[in-house]
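Here is the structure we will look at, set down as structure tokens.
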Amino acid sequence: MSDLSFSPAADRNKQPILERLRDLLGNGGAALEIASGTGQHAEWFATALPGWTWQTSDADARSLPALARRVEQAGLPGLKSPVLLDVLDAPWPSQGTAFAQAFDAIYCANMLHISPWATCAALMQGAARHLRPGGVLVTYGPYFEEGTVPAPSNLAFDQSLRERDPAWGIRPLKDVEAQARDAGLRLHARHEMPANNLLLVFGH
């Protein structure tokens with residue numbers, strides 16, 4: 001497995017996220033992961049939640065071969081080969097046949113702060129199109145909240161992101177909620193996570 005891409009952060013946070021997903025998700029269903037990256041989360045979740053199928057995806061075509069290798073090596077019946085999916089495109093995915101089925105869950109970790117702000121509205125609108133009634137959009141990452149003093153680590157992280165790309169940065173939660181409302185979704189739950197991250201649950 002040493003030839004696979006590896007993210008130390010994804011390795012650290014996969015178990016705390018899984019523990020929340022166990023409480024949120026039922027015994028089985030179909031999930032779409034947006035911005036799968038290395039695929040570590042999808043593999044971990046598909047292993048621990050065998051009643052679920054996990055459709056992996058990423059907007060970077062260069063990352064798909066490594067992601068596909070992880071899926072193949074995992075050999076899990078519920079872990080699906082990745083598709084190219086840029087949330088700014090419609091329909092989803094960006095290439096091939098549009099998704100025919102609605103998803104019970106859409107999961108997106110650590111994307112909103114390392115992509116242009118327009119991806120937030122696109123994620124919300126796409127989730128509203130592709131979630132079944134009662135389905136949930138789960139996002140994970142750092143956010144700035146009104147009335148809460150930001151953690152120094154998040155302030156430093158936000159500055160470093162903006163230095164790398166002025167279009168990036170940690171998003172205010174109120175602005176993310178507004179984009180969700182515009183798409184017909186609302187914030188159902190907010191969970192504090194390690195390292196000053198939040199896990200958010202949106203739905204119709």
Side-chain angles (χ1 to χ4, degrees), residues 1-87 92-94 99 103-115 119-120 123 126-127 130 136-143 153-154 157 160-161 164-165 168 170-171 191-202:
M1 299 285 281
S2 60
D3 65 321
L4 299 177
S5 299
F6 181 82
S7 163
D11 194 58
R12 287 192 301 270
N13 60 40
K14 64 185 182 183
Q15 184 61 30
I17 295 172
L18 172 62
E19 291 169 4
R20 287 295 180 186
L21 292 181
R22 286 189 192 277
D23 296 333
L24 290 170
L25 304 180
N27 292 329
L32 167 65
E33 183 181 32
I34 303 292
S36 295
T38 64
Q40 289 164 251
H41 281 182
E43 181 182 8
W44 192 251
F45 303 155
T47 301
L49 303 169
W52 282 78
T53 60
W54 292 87
Q55 174 62 65
T56 57
S57 76
D58 206 88
D60 186 355
R62 297 168 297 180
S63 71
L64 294 184
L67 180 54
R69 283 197 301 275
R70 179 177 291 278
V71 170
E72 182 180 3
Q73 291 187 24
L76 298 168
L79 189 58
K80 303 302 182 184
S81 296
V83 294
L84 184 67
L85 196 162
D86 186 328
V87 295
W92 287 356
S94 300
F99 292 130
F103 292 96
D104 301 283
I106 295 175
Y107 171 76
C108 181
N110 292 320
M111 183 193 80
L112 293 179
H113 57 282
I114 54 172
S115 59
T119 61
C120 183
L123 173 65
H130 290 283
V136 292
L137 167 66
V138 178
T139 70
Y140 170 88
Y143 299 88
S153 60
N154 276 358
F157 183 41
S160 71
L161 289 170
R164 290 167 61 190
D165 189 323
W168 294 1
I170 296 178
R171 309 306 180 185
H191 300 283
E192 294 186 5
M193 303 294 287
N196 302 304
N197 289 299
L198 296 177
L199 187 142
L200 306 176
V201 184
F202 299 89

[atom1]-[atom2] distance between [X] and [Y], expressed to the nearest 0.5 angstrom:
X	Y	atom1	atom2	result
Asp58	Leu84	CG	CG	8.0 Å
Ser5	Arg69	OG	CZ	7.0 Å
Leu76	Thr53	CG	OG1	12.0 Å
Arg70	Phe6	CZ	CZ	8.0 Å
Asn27	Arg22	CG	CZ	11.5 Å
Met193	Glu19	CE	CD	8.0 Å

Point to revise | For Ser153, all residues meeting side-chain contact (heavy atoms from CB on, under 4.5 Å), sequence neighbours excluded | key: Ala151, Asn196
Checking [X] side chain against [Y] main chain: does a donor-acceptor pair fall under 3.5 Å?
X	Y	answer
Ser57	Val83	no
Gln55	Ser81	yes
Thr139	Cys108	no

Practice item. Evaluate the side-chain proximity of Leu24 to Val136: yes if any heavy-atom separation is below 4.5 Å, no if none is. Key: no
Closest heavy-atom contact between [X] and [Y]?
X	Y	value
Pro82	Val71	CD-CG2, 4.3 Å
Trp92	Asp86	NE1-O, 3.8 Å
Leu137	Ala127	CD2-CB, 4.0 Å
Asn197	Pro142	OD1-N, 3.1 Å
Lys14	Phe45	O-CE2, 3.5 Å
Asn154	Ile170	O-CD1, 3.3 Å

Point to revise | Steps toward side chain to side chain contact (heavy atoms under 4.5 Å, CB included) verdict (Phe157, His113) | key: CA-CA 10 Å; Phe157 183 41; His113 57 282; 3.6 Å; yes
Point to revise | No-hydrogen, no-angle side-chain donor-acceptor test under 3.5 Å, Trp54 and Glu43 | key: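 No, Glu43 and Trp54 have no side-chain donor paired with an acceptor closer than 3.5 Å.
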Exercise for review: Please check if any side-chain donor atom of Tyr107 sits under 3.5 Å from a side-chain acceptor atom of His41, or the reverse.
Suggested key: yes
Review point. So with a 6.0 Å cut-off around CH2 of Trp44, is the heavy-atom count from everything else above 12?
Key: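 Result for CH2/Trp44: open.
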Check your understanding: Has Asp23 got more than 12 heavy atoms of other residues, nucleotides or ligands less than 6.0 Å from its CG?
Key ->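 Enclosed: over 12 neighbouring heavy atoms sit under 6.0 Å from CG of Asp23.
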Exercise for review: Take His130 and Ile106, measure what side chain to side chain contact (heavy atoms under 4.5 Å, CB included) needs, and give me the verdict at the end.
Suggested key: CA-CA 8 Å; His130 290 283; Ile106 295 175; 4.2 Å; yes
Practice item. Would you sort out whether Thr38 and Leu4 count as a side chain to side chain contact (heavy atoms under 4.5 Å, CB included), showing the intermediate values? Key: CA-CA 8 Å; Thr38 64; Leu4 299 177; over 6 Å; no
Point to revise | Val138 and Ile17: CA distance, side-chain angles, deciding distance, side chain to side chain contact (heavy atoms under 4.5 Å, CB included) verdict | key: CA-CA 10 Å; Val138 178; Ile17 295 172; 5.9 Å; no
Review point. Which pairs with one or both residues in residues 192-201 pass salt bridge (Lys or Arg N to Asp or Glu O under 4.0 Å), sequence neighbours excluded?
Key: Arg190-Glu192
